[in-house]
Trainee: 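Quick one: this structure, given as structure tokens, is what I'll be asking you about.
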Amino acid sequence: MSTATTEAHGARPEIVLSLRGVSKAYGEGDSTVHALRGATLEVAAGEMVAVMGTSGSGKSTLLSVAGAMVDPDSGEVSVAGESLVGMSASARARVRRERIGFVFQDFNLIPALTVLENVTLPLDLDGQSRATARSEARRALAAVGLRERAKNFPDELSGGQRQRVAIARAMVGRRRLVLADEPTGALDSVTGDRILKILRTLAEEGAAVVLVTHDARHAAWADRIVQLADGAVLTETRASTPDALLVGDAR
Ligand SMILES: Nc1ncnc2c1ncn2[C@@H]1O[C@H](COP(=O)(O)OP(=O)(O)O)[C@@H](O)[C@H]1O
Ligand SMILES: [Mg+2]
């Protein structure tokens, strides 16, 4: 369990992500696709939730809405206590920048920037000083085992290393919410486990983590597993990380 930070004061853990009755359709007329139909989900600080479901069930749309990248047609969305509905585009961009770390399957690294520059980017955008940004980025790179790769460019790294750079970038600035869409997609199982363990650590340190995965073994790292079907939450089950997964050092 991961609630050490939040239970220490006997208070209920803070809800970092709240989605209530969220609907989102793409297209119009006969070609309308209802990607989300009244999806409801809460994720607390210190909690890791796995979202599962068949292809097309709305998982990526759910993450895009949670990440303030897609505006829902209806329903309530709030991140770290701020309601996103009706917010201006620039205010949403600020929430995205300050509160949310994203880890996508295709990494979204900028090829022309070094590993270190990719990781400092969100901090630069936050307006942090160059020295602070660099030292925090170095710390995040060390945490994912890539201290030695700071000066390399993304295309000089393996897929697993690139994914770890993306995670380091999502870690800097102590984002309250970390969203990962099938982050282990094309990676071998050892690298995949390592990434899961890093996400788990972010939750232990107090972030709310949402992981989309089709792999039940990865979902077992979460506190809860949410099953999506046809754009709504079908079931929620508590998970418990098998002890066997926790031994060894993933870094
Ligand atoms: N930008 C888009 N334009 C049109 N349809 C989309 C778009 N994004 C997703 N969809 C459709 O919405 C449904 C849900 O997609 P998605 O959220 O990507 O599901 P999942 O991640 O579970 O596979 C699918 O039918 C998909 O084709
Ligand atoms: Mg998807």
Side-chain angles (χ1 to χ4, degrees), residues 17-43 47-79 84-85 87 89 92-93 95-96 100-109 159-160 162-164 166-167 169-170 175 177-189 191-193 195-196 198-199 202 208-237 239:
L17 172 65
S18 171
L19 301 173
R20 298 203 158 272
V22 169
S23 295
K24 172 70 192 175
Y26 296 106
E28 44 196 54
D30 286 350
S31 60
T32 303
V33 175
H34 294 275
L36 292 177
R37 306 171 192 251
T40 291
L41 175 68
E42 285 190 340
V43 186
E47 190 180 33
M48 178 167 169
V49 169
V51 175
M52 302 190 77
T54 54
S55 176
S57 58
K59 305 180 297 295
S60 294
T61 303
L62 185 90
L63 275 205
S64 302
V65 169
M69 294 184 294
V70 163
D71 219 6
D73 299 329
S74 59
E76 291 288 324
V77 186
S78 72
V79 172
L84 302 185
V85 174
M87 224 182 218
R92 265 214 311 276
V95 170
R96 218 160 38 222
I100 307 174
F102 297 95
V103 187
F104 296 107
Q105 194 167 14
D106 60 4
F107 317 134
N108 281 9
L109 300 179
R162 285 205 289 272
Q163 189 57 298
R164 281 187 277 149
I167 291 183
R169 188 185 50 191
R175 313 287 152 182
L177 176 62
V178 175
L179 303 172
D181 197 350
E182 307 207 22
T184 58
L187 308 177
D188 65 78
S189 67
T191 312
D193 282 354
I195 280 157
L196 266 296
I198 295 165
L199 291 172
L202 292 178
V209 177
V210 184
L211 162 74
V212 167
T213 179
H214 55 266
D215 186 333
R217 209 168 140 268
H218 289 164
W221 286 81
D223 298 300
R224 264 189 301 145
I225 300 175
V226 166
Q227 193 79 37
L228 275 194
D230 292 329
V233 173
L234 189 64
T235 58
E236 282 198 37
T237 46

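Count residues from 1 along the sequence. Indexing begins at 1, ligand by ligand and atom by atom, following the structure's order.
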Trainee: To check you understand the geometry: which heavy-atom pair defines the closest contact between S57 and A229, and what is its length?
Mentor: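 So the two residues come closest at CB-CA, 4.2 Å.
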
Trainee: So do the side chains of L211 and L196 get within less than 4.5 Å of each other, counting heavy atoms only?
Mentor: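 When only atoms from C-beta onward are counted, L196 and L211 do touch, with a gap below 4.5 Å.
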
Trainee: Would you mind reporting whether E42 and R20 have side-chain heavy atoms less than 4.5 Å apart?
Mentor: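 Yes; the side chains approach each other to less than 4.5 Å.
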
Trainee: Are the side chain of D181 and the backbone of S60 linked by a donor-acceptor contact shorter than 3.5 Å?
Mentor: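 No; zero donor-acceptor contacts below 3.5 Å.
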
Trainee: Closer than 4.0 Å and a protein heavy atom, does any atom meet both conditions relative to atom 27 (O) of ligand 1?
Mentor: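 There is no protein heavy atom less than 4.0 Å from atom 27 (O) of ligand 1.
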
Trainee: In the structure I gave you, are the side-chain heavy atoms of E182 and K59 within less than 4.5 Å of one another anywhere?
Mentor: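 Yes. Closest side-chain heavy atoms under 4.5 Å.
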
Trainee: Main chain of D71, side chain of R92: is a donor-acceptor contact present, judged purely on distance under 3.5 Å?
Mentor: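 Flag not set: sc R92 to bb D71 has no pair under 3.5 Å.
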
Trainee: Could you check whether any side-chain heavy atom of E76 comes within less than 4.5 Å of a side-chain heavy atom of S18, counting everything from C-beta outward?
Mentor: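 Heavy-atom side-chain distance check fails, nothing below 4.5 Å.
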
Trainee: Please confirm whether S57 approaches ligand 1 to less than 4.0 Å, judged on its heavy atoms.
Mentor: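 S57: in contact with ligand 1 (<4.0 Å).
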
Trainee: Applying salt bridge (charged side-chain N to carboxylate O under 4.0 Å, His left out) as the test, list every pair that has at least one member in residues 226-237; sequence neighbours left out.
Mentor: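 For residues 226-237, and leaving out neighbouring residues, the salt bridge (charged side-chain N to carboxylate O under 4.0 Å, His left out) pairs sorted by first residue read R224-E236.
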
Trainee: What is the closest protein heavy atom to atom 22 (O) of ligand 1, and at what distance does it sit?
Mentor: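 Going atom by atom, the protein heavy atom closest to atom 22 (O) of ligand 1 ends up being K59 NZ, 2.8 Å.
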
Trainee: Please report whether ligand 1 has a polar contact with G56, defined as an N or O pair separated by less than 3.5 Å (distance criterion only).
Mentor: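 For ligand 1, there is an N or O atom that lies under 3.5 Å from one belonging to G56.
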
Trainee: Are L228 and V233 close enough that some pair of their side-chain heavy atoms sits under 4.5 Å apart?
Mentor: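 L228 vs V233: side chains touch.
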
Trainee: Look at atom 17 (O) of ligand 1 and find which of T61, T54, D230, D181 reaches it with the closest heavy atom.
Mentor: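 Checking each option, the heavy atom nearest atom 17 (O) of ligand 1 is found in T61.
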
Trainee: Nearest non-hydrogen atom to atom 25 (O) of ligand 1 belongs to which of L36, V33, T32?
Mentor: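 Residue with the shortest heavy-atom distance to the ligand atom: V33.
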
Trainee: Using a cut-off of 2.8 Å, how many protein N, O or S atoms lie below it in distance from the Mg ion (ligand 2)?
Mentor: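 Protein heteroatoms (N, O, S) closer than 2.8 Å to the Mg ion (ligand 2) number 1.
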
Trainee: Going by the atom numbers of ligand 1, which of them fall below 4.0 Å from some non-hydrogen atom of A35?
Mentor: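 Checking each atom against A35, I get 12 (O), 13 (C), 14 (C).
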
Trainee: Within the structure provided, determine whether P72 and L36 are in side-chain contact (heavy-atom separation under 4.5 Å).
Mentor: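 Sidechains of L36 and P72: no contact.
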
Trainee: Atom 1 (N) of ligand 1: which protein heavy atom is closest, and how many Å away?
Mentor: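 Answer for atom 1 (N) of ligand 1: Y26 CE2, 3.6 Å.
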
Trainee: Which option out of S60, G58, S64, G231 puts a heavy atom nearest to atom 21 (O) of ligand 1?
Mentor: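 The option holding the nearest heavy atom is S60.
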
